[in-house]
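One-based numbering along the sequence shown.
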Amino acid sequence: MDLPCVAWQKHVEQKWSRLTPDEKKCFSSLLDIDEVFDFGLSQIIQEDVDFLSGISKDYPVQKDLERAARCRKEGNSRFKARDYTAAVLHYSQGVCLASLSSEQLSLCYANRSAALFHLHRYRECLEDIDRALNHGYPSHLKHKLQDRRAQCLNHFPNGTEGLNTAKQGAGHHAEGVCSRTNSTKPNPKSPNSQQQNGSAPVSCLSPGLSVCFSPEKGRHLVATKGIAAGEVILEDRAYSCVLIPGMGGGRREETEEAGRVFGTEVRHCHQCLGETVSPVPCEGCSYARYCSEGCRRGAWEWHHRWECPIGAELSTAGVMSQLALRVALKAGVKEVLKAREPIRDADNDSKLIREKISSKNSSSKPITENMRPKKKNSGSSDVTSTEPEVNDPSAYYHGDSYLSVYHLLPHLNGHAPSLRFLCSVTIATLYLRLRQAGPPPVSWERGGASESRKCSNQSQAPEEGEAWAPELSLLGSVALRHMLQLRCNAQAVSLLRDTGDFTAVQSTQEVRIATAIFPTLSILNHSCCPNTSLNFRTSHLVSSQTDQGSADELVSTEPVATGPEACSAPVSVSAGVAVSIRASRDICPGQEVLHCYGPHSSRMVLCERRRLLQEQYHFLCICQACGLEQGDGPDAHLHCGKCKGPVKCSVDGAGWCVCVRSSCGHRVSRSELDLRLQEVRVQLEQAVDLLETDRPGEWRGAASQLEHSVLAIRSQYGEDSIELGRQLFKLAQLHFNGGFPGPALSVISRARRLLSLHCGPHCPEVQELQAMEDCLQGVM
């Protein structure tokens with residue numbers, strides 16, 4: 001839910017409708033975000049705050065022992081049915097709902113440890129046994145836990161070592177605790193392959209890239225040397241992110257009921273986004289949960305101690321509002337003032353800036369103090385917001401710092417007045433609710449950012465009554481700025497989730513799990529046919545066990561080297577979700593590096609792409625793909641059914657598809673083409689049905705059907721697409737499991753090339769293909 005819930009939107013619409021024409025005109029003419037926020041704040045009365053809190057009851061986040069007991073009871077039912085995965089989910093929900101000092105918490109931990117034991121998750125089982133004992137597990141039942149502990153330790157080479165490892169929790173890699181999400185292990189030649197300490201940059205550009213500026217494109221990336229397809233050219237870590245609640249996508253071995261009830265927010269760490277089977281709950285609310293104590297502590301120190309008392313209101317206000325406030329809380333007043341002071345004049349004098357820059361920059365030029373970040377198109381016709389003032393700090397490239405986030409363009413005038421009003425009133429109401437919940441955030445105290453308070457118990461709520469200085473309304477203004485920025489600069493974080501089907505081929509689905517803001521990724525301009533691919537991965541916070549007085553370390557769950565020198569030891573990096581950007585095809589020197597904002601030429605017709613991009617990003621797309629479709633160029637994804645030549649289709653999505661070869665001239669109607677695509681979909685469904693029977697005798701027929709879908713996907717998405725690679729991966733699995741070594745080997749090489757190109761040579765799919773090839777070559 002990016003925007004606030006419907007009830008709140010309607011409430012704000014009513015407030016907007018009650019404004020006089022002069023008030024609407026005044027608000028619509030405001031060009032300063034501070035003034036927009038002040039206007040929204042002036043419209044808020046206590047009844048509005050109460051209304052938000054009232055409708056937030058539909059998003060309960062408080063501890064509830066009665067609900068915790070029901071979850072434990074349901075977990076027991078699933079446990080007896082030997083549905084251990086669903087049992088763990090129910091017990092985990094009970095853990096999050098139970099209050100810190102209750103017996104119910106210890107019972108949920110103990111029962112979850114039993115389910116984890118049956119799932120062979122012995123380390124997590126040991127952790128839950130310790131938690132149950134530490135939270136007052138009944139004395140007359142402790143012998144059960146001691147017996148289970150002994151059984152777990154039998155599965156470790158050294159029982160004592162296994163116990164110590166479990167006690168350290170997130171300090172060591174645990175399967176499934178913080179798993180990589182559709183990610184790749186870093187290449188030794190990649191920008192981030194070297195070990196970093198806590199102060200090292202977490203965003204890194206390849207040496208073959210330069211940040212450039214032009215009035216037409218704004219700030220953008222250009223290759224200064226040739227970049228090979230598959231090469232990592234940029235690694236960036238999210239400044240902040242928020243999980244999207246309610247997103248399902250559970251595995252099919254789970255019950256239908258479990259898949260419906262438990263969404264992304266139950267399955268993933270709320271700090272690093274890593275998937276976890278045994279989350280550690282926030283001690284103050286029932287919503288937030290984490291993969292480790294390190295992630296819980298990090299979230300508490302950075303933002304959650306202030307989010308926790310108003311968690312229900314934040315859920316009601318939507319992901320964008322929560323992420324905007326989280327960014328502002330994390331930054332603190334010192335960073336905001338540092339970023340804010342120099343750009344005040346520039347915000348109010350864009351015409352003068354445009355004249356200065358346009359006279360000096362007739363084309364893209366490399367810059368060392370690089371230009372203002374923004375969301376723009378590789379050939380956008382909108383140039384009204386790309387030119388910063390020459391001496392303005394917003395004209396610099398700030399790497400992974402908060403400055404890069406702050407100076408992203410909010411496109412204030414690009415948003416409809418009613419949407420601006422909704423954002424302003426929503427943030428203003430959250431600001432007032434935050435003030436009522438307790439004292440100002442530490443990083444926003446009048447003295448500036450001070451040393452973070454140490455917190456041993458997250459259940460300690462902020463004290464009420466401490467005064468907020470009037471100047472702290474800046475927190476609301478900055479949060480509003482970020483909310484407007486996120487409309488154009490937010491990045492969806494998606495992963496491929498295994499659905500858990502035990503058939504001849506792997507079954508996956510793409511799930512959007514979070515919204516994030518990436519400081520450096522925002523530099524990339526849009527293209528409807530980009531030359532890059534994105535892959536996400538996670539890392540988590542851990543505590544140093546060797547030095548109790550040292551600060552928390554930040555540990556990645558994946559090795560940083562490959563080959564003989566590979567090392568699986570944790571590496572200190574920043575916690576959270578990171579993205580690797582790879583070249584999806586060869587990029588020549590001087591060519592721009594481009595990223596797709598969503599509308600892709602292989603999935604959407606020209607008019608629809610342009611409409612969506614204009615509505616959300618405020619530019620008319622004139623990238624190369626759009627130019628080909630608008631002009632006389634052929635459709636790259638369709639071929640003539642008669643001569644296999646290129647085909648030209650009408651731009652408006654109606655009419656005819658005609659072969660451009662004069663010697664052929666074959667044509668088909670769009671309705672015929674749609675019918676043919678529907679036939680391909682039916683063939684693919686038939687292949688899936690055959691696969692799900694899981695009978696070897698049916699695999700040959702399934703392979704035949706799947707080969708038809710491979711042809712269709714190649715035609716739609718292209719020879720070098722990740723979609724084709726994934727389909728070939730399924731076909732390779734089918735040939736391998738069906739006992740067809742020749743066809744399997746021929747498909748494996750094609751699938752490996754495409755998956756390595758987009759996901760890297762160390763992604764799980766490529767590793768599985770390599771294992772299949774080694775096995776087949778060993779028996780042939």
About how many Å separate [atom2] of [Y] and [atom1] of [X], when rounded to the nearest 0.5 Å?
{"X": "Lys63", "Y": "Cys282", "atom1": "NZ", "atom2": "SG", "value": "6.0 Å"}
{"X": "Cys308", "Y": "His303", "atom1": "SG", "atom2": "NE2", "value": "11.5 Å"}
{"X": "Leu133", "Y": "Ser139", "atom1": "CG", "atom2": "OG", "value": "10.0 Å"}
{"X": "Leu325", "Y": "Leu329", "atom1": "CG", "atom2": "CG", "value": "4.5 Å"}

Would you find more than 12 non-hydrogen atoms of other residues, nucleotides or ligands less than 6.0 Å from Lys330 atom NZ? yes
State whether a side-chain donor-acceptor pair under 3.5 Å links [X] with [Y].
{"X": "Asn737", "Y": "Gln733", "result": "no"}
{"X": "Thr515", "Y": "Gln491", "result": "no"}
{"X": "Ser92", "Y": "Arg112", "result": "yes"}
{"X": "Arg289", "Y": "Gln271", "result": "no"}
{"X": "Ser286", "Y": "Gln62", "result": "no"}

Stepwise, does the salt bridge (Lys or Arg N to Asp or Glu O under 4.0 Å) test hold for Asp128 with Arg131? CA-CA 5 Å; Asp128 271 0; Arg131 289 166 181 152; 3.0 Å; yes
Carefully, step by step, assess Arg70 and Glu74 under the rule salt bridge (Lys or Arg N to Asp or Glu O under 4.0 Å). CA-CA 6 Å; Arg70 289 200 300 268; Glu74 182 60 31; over 6 Å; no
Check step by step if salt bridge (Lys or Arg N to Asp or Glu O under 4.0 Å) holds for Arg296 and Glu283. CA-CA 10 Å; Arg296 178 167 70 174; Glu283 294 175 359; 3.5 Å; yes
May I ask you to decide if the ring planes of Phe79 and Tyr91 are parallel, tilted or perpendicular, using 30° and 60° as cut-offs? tilted
His135 vs Tyr109 aromatic rings, parallel, tilted or perpendicular, using cut-offs 30° and 60°?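 The rings of His135 and Tyr109 sit tilted, inter-plane angle from 30° to 60°.
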Going through the checks in order, is the ring pair (Phe, Tyr, Trp, His ring centres under 6.0 Å) test met by Tyr122 and Phe156? CA-CA 9 Å; Tyr122 303 117; Phe156 290 92; 7.0 Å; no
If you apply the rule salt bridge (Lys or Arg N to Asp or Glu O under 4.0 Å), what do you find for Arg512 with Asp2, and how did you get there? CA-CA 12 Å; Arg512 179 187 172 192; Asp2 289 340; 3.5 Å; yes
Is the closest basic N to carboxylate O distance between Glu275 and Arg267 below 4.0 Å?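 The answer is no: the pair does not qualify as a salt bridge.
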